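Here's the structure, in structure tokens; my notes come after.
Every chain is numbered from 1, with letters handed out A, B, ... down the list of sequences. Source: prediction; values computed, not measured. The figures here come from the full heavy-atom set of this structure, side chains too, leaving out hydrogens, waters and symmetry mates.
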Amino acid sequence: MLPKAVFCYPNNPVDVREHIREAVKALGVEVPFVELEVPKLQKHGDISTPVSMALARILKKNPRQIAEQIKQHLEGTGLFESVEVAGPGFINIRFSTEYLVSGLRELLRTPERFLRKDIGKGRKVQVEFVSANPTGPLHLGHGRGAAFGAALSNLLERAGYDVEREFYINDAGRQVTLLAESIFARYKELKGLEYPFPEDGYRGDYIVELARELNEKVGDKYIEQSFSKVQSELKEFGVKRMLELIKTDLEAFGVVFDRWQSEQALYEEGLVKRCLDELTRKGKLYEKDGALWFRATEFGDDKDRVVIKSDGAYTYFASDIAYHWYKIQRGFDELIDVWGADHHGYVPRIKAVIRALEQPDEKLTVMLVQMVNLLRDGKPVQMSKRAGEFVTLREVMDEVGADTTKFIFLTRRPDSHLDFDIEVAKRESSENPVYYVQYAHARINSIFKKATERGLSFKEPENVELLKEEEEFSLIKKLLFYPLMFEGAVREREPHRITFYLQELARLFHSYYSSHRVVSDDRELSTARLSLCRAVMTVINEGLSILGVTAPERM
RNA sequence: GCCCCCUUAGCUCAGUAGGAUAGAGCACAGGAUUCCUAAUCCUGGUGUCAGAGGUUCGAAUCCUCUAGGGGGCACCA
């Protein structure tokens, strides 16, 4: 008979969960989730579970007693060095070196299988993010949304979701008209003509640039024209140029989209009308005071909302309804909208839409990304898009670099306010954690260069059983915990967990590096250590690629 | 006025699905490099988890209230 372990994929700590689940099953109950944690204190083992305390209530038994039973089951697997019951009923598990080493082997042999657990099972998810108005350059807040949305998409993709990244272009309505009129005003100004600047117009210098460009294109042609005559051409021109700018900036920032959905197109293709017709048919809309209203209150919102104003014009909400209706029609299992926190008041409204469209609440998740306070040397930089005073993503990128900018954004929970100090971010020092992680990667690369120079060739995971140092086991444990962290990050949609994990991993590596030499005269030990280095490198690479940060070979 | 988010070490922030004695980085001080990159490492100590109640065997974490900071409340976009 084969030992039980063979059937249980003894390759990483997440599988400890399976063993515990089995043990719990043997007690005659099932738990939906077996909680695992990495204990703070070493004496509490390598991994620990409080599951027996939770079971105490259900089984009406002493938690320590339950823990003892689970312990016996776990000991039966022969995988662990020790299993202890401690405190009120914690089960503390210590891995055997064989367990650790076989985990490392697993990671080296099939890194993808080890690092990318199929949680999504091919479920189709759409992540809509940035979606900035095409009326000006991206600012830093958009940058945060971009970094977050991109990292979240990458994360979900690696968890087996079929992800589509979409940018929604608000190219219909008043803002775009304002853009056109602002350009028009600057054009007139350029020509030495009197023309009132629109009250809420865009005052940024880029508008003057656009006016100049327009002048080169049309020359004097528009001098005599009224705005209404040239409006649509100007809109098209302005939106096109702004969109180009936004795309270029995002590309430079390393953020790509699969799809760009135009709002205007929703109208032109009749989707808004079709959607509203359907809702009318289903009685979700009604007329009052000459306007068309959506029964939002029936679906959990505070008040009903207008979709067509009494003057016959659509509100933005109309196209937003149609947009989400369209998303649903496209067959996504899940929709994620990443919005700036200033739009949070909009959440109940759009949630109401999802319900009105007869979809379960979980279908749509709105993730709010908090605003960014820009500082320079500790002093706030005032920003107002309307007044044309704002620091663009481009400026920050040029000044501090895309990697650093992204990393800083992803070192915080999305829902916490963020102070972004340009001067601090600019320093190429230990104040920038991104270098710390990247440096670990570059260092490993340099070790491999050294190994090649020495003519060391080997096949990973050769000789890993020779690893004996405490720092090596710490590193391996950290590596093996990657899937645990990954699962949590996916479940909670929190890419920042990756960022923190990478810093911890880098710390362990740097520490190891300074106390032990990888490439030495001991050929076999060297290959063992190189294998470990390769594993660290692989995981750093994987993590950084989720964050959209480069992993440099040299620094 | 109503609604949402935030408040953890001097600063910036983590804290994993309620678990054990609350954690990093920075800053500050001292030390480490004949050797694979010193953007590194090692050693130093900090807390009324904003406050008050409550739920629980157990709360930074969940509930209620209060205070402070930010944001939102349109037939605006």
Side-chain angles (χ1 to χ4, degrees), chain A residues 32-41 43-44 48-51 53-54 56-57 63 86-90 92 133 135 170 172-176 178 200 288-293 302-303 305-311 313 315-317 340-348 368 370-371 373 378 408 411-413 415-419 421 424 427-436 438-440 442-451 453-454 484-485 487-489 491-492 494 496-497 499-501 503-504 506-507 509-515 517-520 526 529-530 533 554-555:
Chain A
F33 179 79
V34 174
E35 196 181 339
L36 286 181
E37 52 184 50
V38 181
K40 278 165 249 170
L41 300 175
K43 66 171 181 178
H44 292 150
S48 173
T49 178
V51 73
M53 269 108 82
R57 222 166 284 169
F90 288 97
N92 298 332
N133 286 343
T135 52
N170 287 110
R174 207 175 101 84
Q175 296 300 346
V176 174
L178 264 178
D200 296 324
K288 195 185 88 181
D289 305 331
L292 190 64
W293 297 70
D302 298 351
K303 46 184 96 167
R305 307 288 174 176
V306 172
V307 292
I308 298 178
K309 296 186 270 185
S310 52
D311 66 3
T315 63
Y316 258 59
F317 188 45
D342 53 339
H343 290 82
H344 78 259
Y346 215 79
V347 176
L368 299 174
Q370 271 293 349
M371 304 283 91
N373 291 317
I408 290 174
T411 323
R412 269 130 185 122
R413 306 175 50 83
D415 58 0
S416 69
H417 301 261
L418 167 60
D419 288 334
D421 194 312
V424 173
R427 286 176 212 146
E428 288 197 5
S429 71
S430 39
E431 281 172 86
N432 271 324
V434 64
Y435 298 121
Y436 190 78
Q438 288 182 321
Y439 187 52
R443 254 187 166 172
I444 294 172
N445 192 63
S446 138
I447 293 173
F448 276 101
K449 236 172 69 189
K450 185 77 184 178
E453 281 169 23
R454 292 274 195 97
L484 204 58
M485 178 283 302
E487 274 186 18
R491 185 185 62 235
E492 302 296 328
E494 290 184 345
H496 74 270
R497 295 192 192 194
T499 321
F500 283 89
Y501 172 87
Q503 291 181 72
E504 288 158 14
R507 184 178 316 122
F509 173 74
H510 286 309
S511 177
Y512 172 56
Y513 177 92
S514 59
S515 52
R517 226 188 129 71
V518 175
V519 179
S520 66
S526 296
R529 291 184 171 171
L530 282 165
C533 286
R554 264 183 305 278
M555 284 176 77

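Closest to the side chain of A:Y346, out of B:A77, B:U21, B:U12, is B:A77. Listed candidates were B:C13, B:C76, B:C36. Nearest to the side chain of A:R174 is B:C76. For A:D342, taking side-chain heavy atoms from C-beta onward, the closest of the listed nucleotides B:G72, B:A77, B:C13 is B:G72.
Side-chain N or O atoms of A:T49 include one that pairs as donor or acceptor with a backbone N or O of A:E35 at under 3.5 Å. Of the possible polar contacts, none joining the A:D289 side chain to the A:A291 backbone as a donor-acceptor pair under 3.5 Å is found. With hydrogens and angles disregarded, no donor-acceptor distance shorter than 3.5 Å links the side chain of A:H44 to the backbone of A:A86. The backbone N or O of A:R507 lies less than 3.5 Å from no partner atom in the side chain of A:H510, so there is not a single donor-acceptor pair.
Residue A:R491 places at least one side-chain N or O under 4.0 Å from the OP1 or OP2 atom of B:A17. For the OP1/OP2 pair of B:A74 and a distance below 4.0 Å, the side-chain nitrogens and oxygens of A:K309 include no atom meeting the criterion. Within the structure, every side-chain polar atom (N or O) of A:K303 is placed at least 4.0 Å from both OP1 and OP2 of B:C2. Proximity of A:T499 to the phosphate of B:A14: no side-chain N or O atom is located under 4.0 Å from OP1 or OP2. Residue A:H344 places none of its side-chain N or O atoms closer than 4.0 Å to OP1 or OP2 of B:G70. For the OP1/OP2 pair of B:A39 and a distance below 4.0 Å, the side-chain nitrogens and oxygens of A:Y439 include at least one atom meeting the criterion. Residue A:K449 places none of its side-chain N or O atoms closer than 4.0 Å to OP1 or OP2 of B:C36. Applying the 4.0 Å criterion to OP1 and OP2 of B:C6, one finds that A:R413 has every side-chain N and O outside that range. At the phosphate of B:U56, neither OP1 nor OP2 sits under 4.0 Å from any side-chain N or O atom of A:R57. In terms of phosphate contacts, A:Y513 brings a side-chain nitrogen or oxygen within less than 4.0 Å of OP1 or OP2 of B:A38.
Nucleotides B:G10 and B:A67, compared at atom P, are 26 Å apart to the nearest Å. B:U33 sits 16 Å from B:C41 when the P atoms are compared, rounded to a whole Å. B:A14 sits 37 Å from B:A77 when the C1' atoms are compared, rounded to a whole Å.
Here A:D302 lies out of heavy-atom contact (under 4.0 Å) with every strand. Among the protein residues, A:V38 comes within range of the nucleic acid bases, having at least one heavy atom under 4.0 Å from a base atom. Heavy atoms of A:A341 sit under 4.0 angstrom from primed sugar atoms or phosphate atoms, though from no base atom. Among the atoms of the strands shown, none is found under 4.0 Å from any heavy atom of A:F448. Within 4.0 Å of A:E492, counting heavy atoms only, lie sugar-phosphate atoms of the nucleic acid but no base atom. Here A:A56 lies out of heavy-atom contact (under 4.0 Å) with every strand. Residue contacts shown for A:N92 include a base, since a base heavy atom lies under 4.0 Å away. A:F33 comes within contact range of at least one nucleobase, with a heavy-atom separation under 4.0 Å. As judged by a 4.0 angstrom heavy-atom cut-off over every strand, A:H510 is placed among residues touching the sugar-phosphate backbone only. Contact annotation for A:L41: base contact, defined as any heavy-atom pair under 4.0 Å involving a base atom.
Note that NE2 of A:H417 and CG of A:N373 are 8.0 Å apart. Values are rounded to the nearest 0.5 Å. Separating the CG atom in A:L530 from the CD1 atom in A:I447 is a distance of 7.5 Å, to the nearest 0.5 Å. Annotation: the span from A:Y436 atom OH to A:Q503 atom CD amounts to 8.5 Å, rounded to 0.5 Å. For the atom pair CH2 (A:W293) and OG1 (A:T315), the distance works out to 10.5 Å, reported to the nearest 0.5 Å. With values rounded to the nearest 0.5 angstrom, A:S526 atom OG is found 11.5 Å from A:K450 atom NZ.
Between A:P88 and A:D415, the one whose closest nucleotide on RNA chain B sits nearer the 5' end is A:D415.
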Protein-to-nucleotide contact annotation, 5' to 3' order, nucleotides 42-47 of chain B [B base; S sugar-phosphate only; - none; under 4.0 Å, heavy atom]: S-----
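Using cut-offs of 30° and 60° for the angle between ring planes, the A:H496 and A:F500 rings count as perpendicular.
The ring of A:H44 lies on top of the base of B:A20, close enough and flat enough: under 5.5 Å between centres, under 30° between planes.
Residues A:V176 and A:N170 come closest through the heavy atom pair CG2-O, 3.4 Å.
Pairs of Watson-Crick or G-U wobble type, with distances under 3.5 Å, assemble into runs of 3 or more in RNA chain B at these ranges: B:1-7 with B:67-73, B:10-13 with B:23-26, B:28-32 with B:40-44, B:50-54 with B:62-66.
The base of B:G25 lies outside donor-acceptor range of the side chain of A:R412, with no N or O pair under 3.5 Å. Scanning atom types as modelled, one donor and one acceptor separated by under 3.5 angstrom connect the side chain of A:S48 and the base of B:A20.
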